[in-house]
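Only heavy atoms go into these numbers, but all of them, side chains included; no hydrogens, no water, no symmetry mates. Computed from a predicted model, the values in this text were never measured in an experiment.
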Amino acid sequence: MSLYQRWNELVDSHRSQRDVNDFWESYFDKEKECYTTILARQNWNLEGRVAELAQAFEMDPVWFAGFLDGMNTSLTEQLNIEELELDTQVQAIIKPEKLYFNMLNAKADWLYNLPQWDSILSAERRKELNQEYRSSKMARSTKVGRNEPCPCGSGKKYKKCCGA
(Lines give C-alpha, C1' and ligand atoms only; values in the text may rest on other atoms or scores of the structure.)
Protein backbone atom coordinates (compact mmCIF):
# COMPACT_ATOMS: atom_id res chain seq x y z
CA MET A 1 0.00 0.00 0.00
CA SER A 2 1.41 3.38 -0.98
CA LEU A 3 2.10 6.14 1.51
CA TYR A 4 -0.69 8.22 -0.03
CA GLN A 5 -3.21 5.39 0.40
CA ARG A 6 -2.10 5.04 4.01
CA TRP A 7 -2.51 8.83 4.40
CA ASN A 8 -6.10 8.63 3.11
CA GLU A 9 -6.85 5.74 5.48
CA LEU A 10 -5.42 7.74 8.36
CA VAL A 11 -7.55 10.76 7.46
CA ASP A 12 -10.69 8.62 7.23
CA SER A 13 -9.99 6.63 10.41
CA HIS A 14 -11.20 9.28 12.86
CA ARG A 15 -14.67 8.64 14.17
CA SER A 16 -15.66 11.53 16.42
CA GLN A 17 -15.60 15.17 15.43
CA ARG A 18 -13.20 15.81 18.28
CA ASP A 19 -10.76 13.21 16.89
CA VAL A 20 -11.03 14.80 13.45
CA ASN A 21 -10.37 18.27 14.85
CA ASP A 22 -7.42 17.06 16.94
CA PHE A 23 -5.92 15.26 13.95
CA TRP A 24 -6.15 18.27 11.63
CA GLU A 25 -4.91 20.65 14.31
CA SER A 26 -1.78 18.57 14.83
CA TYR A 27 -1.29 18.16 11.06
CA PHE A 28 -1.66 21.90 10.42
CA ASP A 29 0.90 22.65 13.14
CA LYS A 30 3.37 20.31 11.46
CA GLU A 31 2.53 21.73 8.03
CA LYS A 32 3.19 25.24 9.32
CA GLU A 33 6.62 24.15 10.63
CA CYS A 34 7.49 22.65 7.23
CA TYR A 35 6.47 25.74 5.29
CA THR A 36 8.25 28.00 7.78
CA THR A 37 11.45 26.06 7.10
CA ILE A 38 10.99 26.06 3.32
CA LEU A 39 10.19 29.78 3.18
CA ALA A 40 13.01 30.73 5.56
CA ARG A 41 15.59 28.84 3.49
CA GLN A 42 14.03 29.89 0.19
CA ASN A 43 15.12 26.56 -1.18
CA TRP A 44 12.49 25.85 -3.81
CA ASN A 45 13.90 22.46 -4.75
CA LEU A 46 12.95 19.49 -2.57
CA GLU A 47 15.10 16.61 -3.70
CA GLY A 48 15.72 13.20 -2.22
CA ARG A 49 14.00 10.01 -1.18
CA VAL A 50 10.64 10.41 0.55
CA ALA A 51 11.98 8.83 3.76
CA GLU A 52 14.94 11.25 3.83
CA LEU A 53 12.78 14.30 3.16
CA ALA A 54 10.25 13.27 5.81
CA GLN A 55 13.08 12.85 8.31
CA ALA A 56 14.58 16.22 7.36
CA PHE A 57 11.23 17.88 8.07
CA GLU A 58 10.74 15.77 11.22
CA MET A 59 7.55 14.32 9.84
CA ASP A 60 6.18 10.81 9.67
CA PRO A 61 6.46 9.59 6.04
CA VAL A 62 2.71 9.01 5.79
CA TRP A 63 2.05 12.56 6.96
CA PHE A 64 4.74 13.80 4.59
CA ALA A 65 2.84 12.16 1.71
CA GLY A 66 -0.17 14.26 2.77
CA PHE A 67 2.06 17.34 2.86
CA LEU A 68 3.34 16.64 -0.67
CA ASP A 69 -0.24 16.16 -1.83
CA GLY A 70 -1.15 19.58 -0.44
CA MET A 71 1.67 21.34 -2.29
CA ASN A 72 1.50 19.26 -5.48
CA THR A 73 -0.33 21.89 -7.56
CA SER A 74 2.32 24.46 -6.58
CA LEU A 75 5.12 22.53 -8.25
CA THR A 76 6.58 23.06 -11.71
CA GLU A 77 5.85 19.41 -12.43
CA GLN A 78 3.33 17.53 -10.31
CA LEU A 79 4.37 14.38 -8.48
CA ASN A 80 2.61 11.06 -8.89
CA ILE A 81 1.33 11.12 -5.32
CA GLU A 82 -0.53 7.81 -5.69
CA GLU A 83 2.74 5.87 -6.10
CA LEU A 84 4.85 7.38 -3.30
CA GLU A 85 6.85 4.86 -1.31
CA LEU A 86 9.62 5.36 1.26
CA ASP A 87 12.33 4.91 -1.35
CA THR A 88 10.66 6.99 -4.09
CA GLN A 89 13.05 9.61 -5.41
CA VAL A 90 11.38 13.03 -5.39
CA GLN A 91 12.39 16.15 -7.25
CA ALA A 92 9.87 18.86 -6.45
CA ILE A 93 10.48 22.41 -7.60
CA ILE A 94 8.15 24.84 -5.85
CA LYS A 95 6.78 27.93 -7.59
CA PRO A 96 6.52 30.49 -4.74
CA GLU A 97 3.81 32.67 -6.31
CA LYS A 98 1.68 29.63 -7.14
CA LEU A 99 2.22 28.33 -3.61
CA TYR A 100 1.03 31.62 -2.12
CA PHE A 101 -2.00 31.66 -4.45
CA ASN A 102 -2.88 28.07 -3.50
CA MET A 103 -2.58 28.93 0.19
CA LEU A 104 -5.11 31.71 -0.40
CA ASN A 105 -7.34 29.25 -2.23
CA ALA A 106 -7.12 26.79 0.68
CA LYS A 107 -8.02 29.63 3.06
CA ALA A 108 -4.89 28.68 5.03
CA ASP A 109 -4.31 32.00 6.78
CA TRP A 110 -1.83 30.28 9.14
CA LEU A 111 0.34 29.75 6.04
CA TYR A 112 -0.12 32.77 3.78
CA ASN A 113 0.34 35.10 6.76
CA LEU A 114 3.72 33.64 7.74
CA PRO A 115 6.27 36.45 8.22
CA GLN A 116 8.76 34.58 5.99
CA TRP A 117 6.73 35.68 2.96
CA ASP A 118 7.98 39.27 3.54
CA SER A 119 11.42 38.44 2.14
CA ILE A 120 10.03 36.40 -0.76
CA LEU A 121 7.13 38.41 -2.17
CA SER A 122 6.72 42.13 -1.71
CA ALA A 123 3.62 43.37 0.07
CA GLU A 124 2.49 44.83 -3.26
CA ARG A 125 2.91 41.50 -5.08
CA ARG A 126 1.03 39.64 -2.33
CA LYS A 127 -1.76 42.19 -2.63
CA GLU A 128 -1.86 41.62 -6.40
CA LEU A 129 -2.01 37.85 -5.91
CA ASN A 130 -4.79 38.34 -3.37
CA GLN A 131 -6.73 40.41 -5.92
CA GLU A 132 -6.12 37.79 -8.63
CA TYR A 133 -7.41 35.13 -6.27
CA ARG A 134 -10.53 37.13 -5.37
CA SER A 135 -11.29 37.97 -8.98
CA SER A 136 -10.87 34.30 -9.97
CA LYS A 137 -13.69 33.46 -7.55
CA MET A 138 -16.09 36.15 -8.77
CA ALA A 139 -19.01 35.22 -10.98
CA ARG A 140 -18.98 37.03 -14.28
CA SER A 141 -21.81 37.73 -16.62
CA THR A 142 -21.20 37.12 -20.31
CA LYS A 143 -23.88 39.65 -21.21
CA VAL A 144 -22.59 43.09 -22.17
CA GLY A 145 -24.58 46.02 -20.81
CA ARG A 146 -25.68 48.83 -23.13
CA ASN A 147 -23.49 51.43 -21.42
CA GLU A 148 -20.41 49.23 -21.01
CA PRO A 149 -17.38 49.49 -23.31
CA CYS A 150 -17.84 47.44 -26.47
CA PRO A 151 -16.00 44.10 -26.35
CA CYS A 152 -14.71 44.66 -29.90
CA GLY A 153 -12.18 47.13 -28.48
CA SER A 154 -13.35 50.22 -30.36
CA GLY A 155 -13.52 52.28 -27.18
CA LYS A 156 -17.16 53.18 -27.83
CA LYS A 157 -20.09 52.17 -25.68
CA TYR A 158 -21.72 48.93 -26.76
CA LYS A 159 -25.00 50.69 -27.63
CA LYS A 160 -23.18 53.05 -30.06
CA CYS A 161 -21.05 50.30 -31.63
CA CYS A 162 -21.85 46.61 -32.07
CA GLY A 163 -25.15 46.94 -30.20
CA ALA A 164 -26.55 49.56 -32.59
Check: When rounded to the nearest 0.5 angstrom, what is the spacing between CG in Leu86 and CG in Leu53?
Finding: 11.5 Å
Margin query: Is any side-chain heavy atom of Ile38 closer than 4.5 Å to one of Met71?
Written below: yes
Margin query: I want to know whether Trp110 and Phe28 have ring centres closer than 6.0 Å.
Written below: yes
Checklist line | Side chain to side chain, Trp44 and Leu39, heavy atoms closer than 4.5 Å | finding: yes
Next item on the list: With ring pair (Phe, Tyr, Trp, His ring centres under 6.0 Å) as the test, would you mind laying out the steps for Phe67 and Trp7 before giving the verdict?
Entry: CA-CA 10 Å; Phe67 176 74; Trp7 167 252; over 10 Å; no
Item checked: Side chain proximity check, Ser2 to Glu82, heavy atoms < 4.5 angstrom -> no
Checklist line | Residues Trp117, Tyr35; criterion ring pair (Phe, Tyr, Trp, His ring centres under 6.0 Å); working and verdict | finding: CA-CA 10 Å; Trp117 281 111; Tyr35 279 121; 8.3 Å; no
Margin query: Counting only heavy atoms not in Glu58 (residues, nucleotides, ligands), do more than 12 fall under 6.0 Å from its CD?
Written below: no
Next item on the list: Determine the minimum heavy-atom distance between Gly145 and Tyr158, stating which atoms define it.
Entry: O-CB, 3.6 Å
Next item on the list: Determine whether Thr37 and Arg41 make a side-chain contact, defined as any pair of heavy atoms from C-beta on separated by less than 4.5 Å.
Entry: yes
Next item on the list: Search all heavy atoms of Leu104 against all heavy atoms of Asn130 and return the closest pair with its distance.
Entry: CD1-CA, 3.7 Å
Check: Out of curiosity, Leu84 CG to Arg6 CZ, how far, rounded to the nearest 0.5 Å?
Finding: 11.5 Å
Note to self: Walk me through whether Glu47 and Val90 qualify under side-chain contact (heavy atoms from CB on, under 4.5 Å).
What the structure shows: CA-CA 5 Å; Glu47 189 172 359; Val90 171; over 6 Å; no
Check: Would one find more than 12 heavy atoms of other residues, nucleotides or ligands at under 6.0 Å from atom CD of Gln131?
Finding: yes
Note to self: side-chain contact (heavy atoms from CB on, under 4.5 Å) for Leu68 and Trp63? Distances and angles first, verdict last.
What the structure shows: CA-CA 9 Å; Leu68 288 174; Trp63 284 44; over 6 Å; no
Next item on the list: Check the pair Glu33 / Lys30 against salt bridge (Lys or Arg N to Asp or Glu O under 4.0 Å), numbers first and verdict last.
Entry: CA-CA 5 Å; Glu33 290 174 27; Lys30 203 65 182 155; 3.1 Å; yes
Check: Could you state the interatomic distance from CD (Glu124) to CG (Leu129), rounded to the nearest 0.5 Å?
Finding: 11.0 Å
Check: Going through the distances and angles, do Asn21 and Glu25 end up as a side-chain contact (heavy atoms from CB on, under 4.5 Å)?
Finding: CA-CA 6 Å; Asn21 292 344; Glu25 184 178 332; 5.9 Å; no
Margin query: Tell me the closest heavy-atom pair linking Ser74 and Leu99, and the distance in Å.
Written below: OG-CA, 3.4 Å
Next item on the list: Please round to the nearest 0.5 Å and tell me the distance separating atom CG of Leu3 and atom CG of Asp69.
Entry: 12.0 Å
Item checked: pair Pro151-Cys162: side-chain heavy atoms closer than 4.5 Å -> no
Check: So, the side chain of Asn72 versus the backbone of Gln78: is there a donor-acceptor pair under 3.5 Å, distance only?
Finding: no
Note to self: Between Arg125 and Glu97, does any side-chain N to carboxylate O distance fall below 4.0 Å?
What the structure shows: yes
Next item on the list: Kindly compute the distance separating CD (Glu31) from OG1 (Thr36), expressed to the nearest 0.5 Å.
Entry: 10.0 Å
Checklist line | Reported NZ-to-NZ distance for the pair Lys160 and Lys156, which is rounded to 0.5 angstrom | finding: 9.5 Å
Next item on the list: May I ask you to check whether Asn80 and Glu83 show a side-chain donor-acceptor distance below 3.5 Å?
Entry: yes
Notebook entry, point to check: Does the distance from a Lys or Arg side-chain N to an Asp or Glu carboxylate O, for Arg49 and Glu52, drop under 4.0 Å?
Noted result: yes
Next item on the list: Answer yes or no: does atom CD of Gln89 have more than 12 heavy-atom neighbours from other residues, nucleotides or ligands under 6.0 Å?
Entry: yes
Notebook entry, point to check: Side chains of Lys159 and Glu148: closer than 4.5 Å at any heavy-atom pair?
Noted result: no
Notebook entry, point to check: Parallel under 30°, tilted from 30 to 60°, perpendicular over 60°: which one fits the rings of Phe23 and His14?
Noted result: tilted
Checklist line | Non-hydrogen side-chain atoms of Tyr133 and Met103 separated by less than 4.5 Å | finding: no
Check: Do Ile93 and Leu75 come close enough that some side-chain heavy atom pair is under 4.5 Å?
Finding: no
Next item on the list: With side-chain contact (heavy atoms from CB on, under 4.5 Å) as the test, would you mind laying out the steps for Lys157 and Cys150 before giving the verdict?
Entry: CA-CA 5 Å; Lys157 288 185 179 183; Cys150 189; over 6 Å; no
Notebook entry, point to check: More than 12 foreign heavy atoms under 6.0 Å from CZ of Arg18: is that the case here?
Noted result: no
Note to self: Check whether Asn105 reaches the backbone of Phe101 with its side chain - one donor and one acceptor, N or O, closer than 3.5 Å.
What the structure shows: no
Notebook entry, point to check: Is the closest basic N to carboxylate O distance between Arg126 and Asp118 below 4.0 Å?
Noted result: yes
Checklist line | Exceeds 12 heavy-atom contacts within 6.0 angstrom, atom NZ of Lys127 | finding: no
